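This report refers to the structure that appears directly beneath it.
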Amino acid sequence: MKVIKHSEEVLKAALISKNTQLVRLYEKLEPGEKRLLDEAFRPHSALFAPITLHSESDWISSHPEPTQDFEQFYHDRYRSTPTSQKSAIYVQPIGSFGDSKVSPENYLKWLKDYCEAFYYGLMVKTLDPVPVSQTACAFRVNEYTHNLQIHAGDLLQFLKKRKPRDAFCIVGITMIDLYPKESWNFVFGQASLTEGMGIFSFARYDSDFYSASYKGRLKSGKKYPVADYSVFSGYYTPAITSLLLLRSCKTLTHEIGHIFGLRHCQWLQCVMQGSNHLEESDRRPLDLCPICLRKLQSAIHFNIAERYKALLRWMDDGGSGTEAEFGHAAEVGLPKPVEAFKECREWVLKCLDVLQK
């Protein structure tokens, strides 16, 4: 395992900058906010840890990228920023969601509310779900996993036509696997940052996706007519478990972060770290490191403590039972399953403690 450990001086410059104007902006922050953000360069911080690489297949090892500090983000003239006329985040569900234990409406509301807490101060709106057939996208059966896949680029074109006038961005979400072109095996998601659009799949967040018993596998070698979307009718979608909800929230906020202009984080453990595979994605924390948090705050202008309180309220508005109890009681409206968020909840409480000293 390799640890990426930056010096205190480097992290301080990445967070605060050496630019006099940006230093003044930092000094205007509330004392509690500066106290929390300063944890970025405090040795042995209990809140923010260095990035660890576990294999050569991890993102940073296989995708060398330049770092992005706060100053680079702040002065990036190409990044998108919400305005009074274009401030809403729209979520467009595509295809079926969940199984009989959880209504799609509940799952989509959980995602919407989490995203609204994460991007505190902006409104998140969920559009009515549309069937795959309405998108007129290309589709195929993956030759290796034998599951259905839909074309990510076609879905972006569909979203472009549906983007509301007051939208800062529109993101499509689906439980069906994606591919960007015939020569690629799959893609978790694809986005057009300049046009404020993205499409992301949660299909591979099903714990059984890579097993031979995955229920979404179709008969090997069978061909389907180009425009016959009937194959999607009743097609398997994974159950909404606490772990899948956690992974969905993490992916959705990560990808929308890119639309704000946040690049992959290489400073500290952060939800904006890149990931090549599910194991690496699961290692990422659910929230932002101080450097990325300052970037987002400069774009939205939220109070950091109020944002953490909103995230805490979302986690506390959930069930306290086991996953099995959740599945049994879902039909009578048991709140969302938040067992997988326990560690993050404890972390948010520690951050609030630092903010409110």
Side-chain angles (χ1 to χ4, degrees), residues 57 59 91-104 107-108 111 129-159 171-191 198-252 254-255 274-282 323 327 340:
S57 66
W59 182 272
V91 178
Q92 173 65 73
I94 297 171
S96 301
F97 280 79
D99 57 9
S100 60
K101 295 177 183 176
V102 179
S103 72
Y107 173 64
L108 294 171
L111 285 178
V130 297
V132 177
S133 58
Q134 190 172 324
T135 70
C137 68
F139 66 93
R140 72 180 187 184
V141 177
N142 184 287
E143 63 178 311
Y144 303 106
T145 56
H146 307 302
N147 63 296
L148 275 174
Q149 295 182 301
I150 45 183
H151 192 279
D154 289 353
L155 294 178
L156 286 178
Q157 289 302 312
F158 171 76
L159 293 172
V171 293
I173 58 173
T174 182
M175 285 290 185
I176 302 168
D177 206 21
L178 300 174
Y179 72 103
K181 53 185 178 181
E182 287 298 330
S183 59
W184 281 48
N185 183 23
F186 79 98
V187 68
F188 282 116
Q190 193 169 330
I199 175 69
F200 318 111
S201 170
F202 304 141
R204 292 179 182 246
Y205 292 155
D206 183 346
S207 298
D208 293 328
F209 183 87
Y210 293 99
S211 73
S213 60
Y214 180 63
K215 294 179 182 178
R217 291 172 68 94
L218 301 176
K219 289 183 179 179
S220 175
K222 185 173 181 179
K223 300 292 184 181
Y224 294 89
V226 173
D228 183 5
Y229 293 95
S230 62
V231 66
F232 291 97
S233 179
Y235 181 66
Y236 171 76
T237 55
I240 307 301
T241 64
S242 185
L243 180 57
L244 190 140
L245 180 61
L246 173 72
R247 290 167 170 169
S248 302
C249 289
K250 193 181 292 188
T251 295
L252 185 59
H254 172 103
E255 300 299 349
S275 65
N276 259 351
H277 44 81
L278 187 56
E279 180 188 348
E280 184 177 20
S281 178
D282 283 344
E323 196 79 68

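Remember, it's a predicted structure, so these values are computed and weren't measured experimentally. Counting from 1, the numbers follow the sequence of the chain as shown.
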Which heavy atom of Ser242 sits nearest a heavy atom of Ala340, and at what distance?
OG-N, 2.9 Å
In terms of heavy-atom contacts, Leu159 and Gly198 come closest through CD1-O, 3.3 Å
Taking only residues at least two apart or on different chains, which pairs with a member in residues 129-139 satisfy salt bridge (Lys or Arg N to Asp or Glu O under 4.0 Å)?
none
Would you sort out whether Ser96 and Tyr236 count as a side-chain hydrogen bond (donor to acceptor under 3.5 Å, both in side chains), showing the intermediate values?
CA-CA 9 Å; Ser96 301; Tyr236 171 76; over 6 Å; no
For the student: nearest non-hydrogen atoms of Leu108 and Ile173, plus distance:
CD2-CD1, 3.7 Å
Do you know the tightest heavy-atom contact between Glu280 and Trp59?
OE2-N, 2.9 Å
Mind checking the CG-CG spacing from Leu148 to Leu218? Nearest 0.5 Å is all I need.
4.5 Å
Taking all atoms of both residues into account, what is the closest heavy-atom pair of Phe209 and Thr145, and its distance?
CE2-CG2, 4.4 Å
Should Val130 and Gln92 count as side-chain neighbours, where that means a heavy-atom distance under 4.5 Å?
yes
I'd like to check the ring-ring contact (aromatic ring centres under 6.0 Å, His included) partners of Tyr235; sequence neighbours left out, ordered by chain and number.
none
Report yes or no: does Ser201 contribute a side-chain atom to a donor-acceptor pair with the main-chain N or O of Ile176 at less than 3.5 Å?
yes
Under the side chain to side chain contact (heavy atoms under 4.5 Å, CB included) rule, collect the residues that match up with Ser248, sequence neighbours excluded.
Tyr107, Leu111, Phe202, Leu244
Does Leu178 reach the side chain of Ile150, with side-chain heavy atoms less than 4.5 Å apart?
yes
Applying salt bridge (charged side-chain N to carboxylate O under 4.0 Å, His left out), can you list everything that pairs with Arg204, at least two apart in sequence or on another chain?
Asp177
In chain order, what residues pass the ring-ring contact (aromatic ring centres under 6.0 Å, His included) check against Tyr179, with sequence neighbours excluded?
His151
Nearest 0.5 Å, what's the CE-CZ distance between Met175 and Phe97?
6.0 Å
Quick one: CG on Leu155 to SG on Cys137, what's the gap to the nearest 0.5 Å?
4.5 Å
Calculate, to the nearest 0.5 Å, the distance between atoms CG and CG belonging to Asp206 and Leu243 respectively.
9.5 Å
Decide yes or no for Leu252 and His254: does some side-chain heavy atom of the first lie under 4.5 Å from some side-chain heavy atom of the second?
no
If you count heavy atoms of other groups shown closer than 6.0 angstrom to OH of Tyr210, is the number above 12?
yes
Check salt bridge (charged side-chain N to carboxylate O under 4.0 Å, His left out) between Asp282 and all other residues, then give those that pass, not counting sequence neighbours.
Arg247
side-chain hydrogen bond (donor to acceptor under 3.5 Å, both in side chains) with Ser233: which residues, sequence neighbours excluded?
none
How long is the gap from CD1 on Ile240 to OG on Ser103, to the nearest 0.5 Å?
9.5 Å
What residues form a side chain to side chain contact (heavy atoms under 4.5 Å, CB included) with Gln157, not counting sequence neighbours?
Lys160
Which donor-acceptor pairs under 3.5 Å do the side chains of residues 182-191 make with protein atoms, sequence neighbours left out?
unit_1	atom_1	unit_2	atom_2	d
Glu182	OE1	Arg140	NH1	3.3
Asn185	OD1	Asn142	ND2	2.7

With sequence neighbours excluded, what pairs up with Tyr214 under the side-chain hydrogen bond (donor to acceptor under 3.5 Å, both in side chains) test?
none
Separation of Ile94 CD1 from Thr174 OG1 (nearest 0.5 Å):
6.0 Å
Student check: side-chain heavy atoms of Tyr205 and Leu278 closer than 4.5 Å:
yes
